[in-house]
Novice: 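A single structure is presented below for examination.
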Amino acid sequence: MTLVGYARVSTDDQTTAAQIDALRAAGCAAIFEEKASGASRARPELARTLAHLTRGDTLVIWKLDRLGRSLSHLLEVIEDLRARGCHFRCLTSPIDTASPHGTLVLQMLGAVAEYERSLIRERTRAGLTAAKARGRVGGNPKLKQGDTATARRLAERQRQLYLLELTRTAEEWLPTVRRLRPARSWAAVTRAVNARLPPGRHWTAERLRRAVRAFVDEGLAERALLDKAPAVRGDDRLMVLVAGIARANPTLSLRAIGAQLEAMRETTPRGGRSWAAASVKNLLDRARAQGLLPADAASGPSSKT
């Protein structure tokens with residue numbers, strides 16, 4: 001288990017020295033520093049911190065307000081860490097998600113946050129109703145007037161929020177991308193990523209390429225991932241096709257998959273028109289090795305009809 005520290009101050013004239021001393025004393029192997037308002041979720045160093053964490057690691061902060069002033073944002077980050085198999089520890093509060101007591105405190109904070117959200121929703125609805133009654137319409141006045149500085153600030157904020165969202169799901173797609181790129185095409189890599197995700201969270205090749213480019217631009221991924229993939233061989237196309245058939249119906253036998261290929265008039269890698277179970281199995285084994293099929297489906301479809 002690795003302890004990763006995050007230290008933050010709001011302005012340039014403040015210092016993170018006290019926080020860093022406490023984090024080092026706690027045993028943090030890496031510490032990320034940031035100078036940004038806690039009210040903003042668009043914080044590049046926080047995004048880098050979250051991207052740095054892997055399963056079993058612990059995010060350590062000095063005080064809760066260093067992570068954010070919003071309780072809902074704090075809990076959102078912690079819940080995301082827990083979903084990724086990571087832990088969270090605050091040095092000045094009794095919160096350590098690796099312990100039962102810390103988990104209890106977190107649940108109590110969750111109840112408070114839900115109450116806070118309900119109050120905010122109620123006040124927001126009341127405010128919108130009152131504004132509408134007075135003929136006022138929402139929106140950013142400067143943005144409506146075409147102010148370029150405001151537009152740039154909003155664009156930067158959106159970029160940082162996008163990056164922060166990517167770090168929340170990076171463990172689901174970045175390891176597969178690193179394993180397959182640039183040897184495989186973006187289409188093949190996307191299929192490999194989606195094979196491990198529920199349908200509602202599938203990527204498109206363009207969205208995945210954009211996410212990787214964002215990580216590369218921020219120094220969170222290697223630029224070589226964006227290199228051009230080599231030309232696809234004919235048997236690689238067959239491997240992808242067979243993997244797609246197996247994913248669509250995992251109960252199909254090897255002979256049934258072969259029958260589908262014959263019905264589609266697909267020839268074997270050697271040019272034959274009759275598919276043997278061994279040829280289908282070879283393609284399925286290669287597809288698993290390339291990440292196009294779940295690795296835990298080691299036995300694959302049966303060769304029986």
Side-chain angles (χ1 to χ4, degrees), residues 40-55 72-73 76-86 143 151-233 236-250 286-297:
S40 172
R41 296 194 179 193
R43 285 178 267 161
E45 289 307 313
L46 176 58
R48 286 187 170 86
T49 305
L50 298 177
H52 183 82
L53 293 162
T54 58
R55 182 171 297 275
S72 61
H73 181 219
E76 179 184 317
V77 172
I78 296 174
E79 286 300 325
D80 176 63
L81 291 174
R82 294 177 65 186
R84 292 166 51 191
C86 302
L143 190 61
R152 284 196 298 269
R153 285 196 299 270
L154 289 176
E156 176 60 17
R157 176 176 171 80
Q158 289 177 345
R159 188 186 72 83
Q160 292 296 342
L161 289 175
Y162 171 65
L163 182 63
L164 188 59
E165 178 62 24
L166 289 180
T167 64
R168 297 178 63 249
T169 60
E171 281 197 346
E172 297 178 348
W173 52 270
L174 188 55
T176 301
V177 171
R178 281 177 165 151
R179 187 175 72 251
L180 300 181
R181 287 290 304 167
R184 314 296 301 175
S185 69
W186 283 108
V189 174
T190 304
R191 284 190 289 267
V193 170
N194 289 339
R196 292 169 166 78
L197 298 174
R201 292 163 58 191
H202 278 190
W203 293 78
T204 64
E206 183 55 37
R207 281 184 57 230
L208 185 61
R209 180 163 43 194
R210 180 188 171 209
V212 174
R213 183 176 296 279
F215 262 41
V216 169
D217 290 343
E218 291 295 325
L220 301 174
E222 305 77 28
R223 187 161 294 277
L225 297 178
L226 299 174
D227 289 349
K228 185 177 180 180
V232 179
R233 299 177 344 207
D236 283 347
R237 185 186 65 81
L238 288 173
M239 175 188 67
V240 172
L241 178 61
V242 169
I245 295 173
R247 283 201 309 272
N249 189 350
R286 287 179 52 203
R288 290 189 192 92
Q290 293 291 337
L292 298 180
L293 287 172
D296 54 3

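Reckoned from all heavy atoms, side chains included, excluding hydrogens, waters and symmetry mates. The first residue of the sequence shown is numbered 1, and numbering continues consecutively from there.
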Novice: Does CZ in R213 sit with more than 12 non-hydrogen atoms of other residues, nucleotides or ligands closer than 6.0 Å?
Specialist: no
Novice: Can you see which heavy atom on R247 is nearest to which on A195, and at what distance?
Specialist: CD-CB, 3.6 Å
Novice: Can a donor-acceptor pair be found, under 3.5 Å and without considering hydrogens, that links the side chain of R181 to the backbone of D227?
Specialist: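 At least one qualifying donor-acceptor pair exists.
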Novice: Atom CG in L220, atom CG in L174: separation rounded to 0.5 Å?
Specialist: 8.5 Å
Novice: Would you confirm whether S185, through its side chain, and A188, through its main-chain N or O, come within 3.5 Å as a donor-acceptor pair?
Specialist: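 Indeed, once roles are kept as given, a pair shorter than 3.5 Å links the two residues.
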Novice: Are the side chains of D217 and R223 in contact, using a 4.5 Å heavy-atom criterion?
Specialist: yes
Novice: Looking at CZ of R48 and CG of L50, how far apart are the two atoms once the value is rounded to the nearest 0.5 Å?
Specialist: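 These two atoms lie 12.0 Å from each other.
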Novice: What I'd like to find out is whether the side chain of V193 reaches to under 4.5 Å of the side chain of T190, using heavy atoms alone.
Specialist: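 Not touching, per the 4.5 Å side-chain cut-off.
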Novice: From H52 NE2 over to T54 OG1, what is the distance, rounded to the nearest 0.5 angstrom?
Specialist: 7.5 Å
Novice: Would you mind reporting whether V177 and F215 have side-chain heavy atoms less than 4.5 Å apart?
Specialist: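 No - every pair of side-chain heavy atoms lies 4.5 Å or more apart.
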Novice: Which heavy atom of L225 sits nearest to which heavy atom of R178, and what is that distance?
Specialist: CD2-CA, 3.9 Å
Novice: With rounding to the nearest 0.5 angstrom, report the CH2 to OG1 distance, W186 to T204.
Specialist: 11.0 Å
Novice: Drop me the distance from R191's CZ to T176's OG1, to the nearest 0.5 angstrom.
Specialist: 14.0 Å
Novice: Does atom CZ (R210) have a neighbourhood of more than 12 heavy atoms from anything else shown, all under 6.0 Å?
Specialist: no
Novice: Look up atom CG in L293 and atom CZ in R286, then write down how far apart they are to the nearest 0.5 Å.
Specialist: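 These two atoms lie 12.5 Å from each other.
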Novice: Stepwise, does the salt bridge (Lys or Arg N to Asp or Glu O under 4.0 Å) test hold for D80 with R84?
Specialist: CA-CA 6 Å; D80 176 63; R84 292 166 51 191; 3.7 Å; yes
Novice: Do V212 and W173 have side chains that approach each other closer than 4.5 Å (heavy atoms only, starting at C-beta)?
Specialist: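 With C-beta onward as the side chain, the pair touches.
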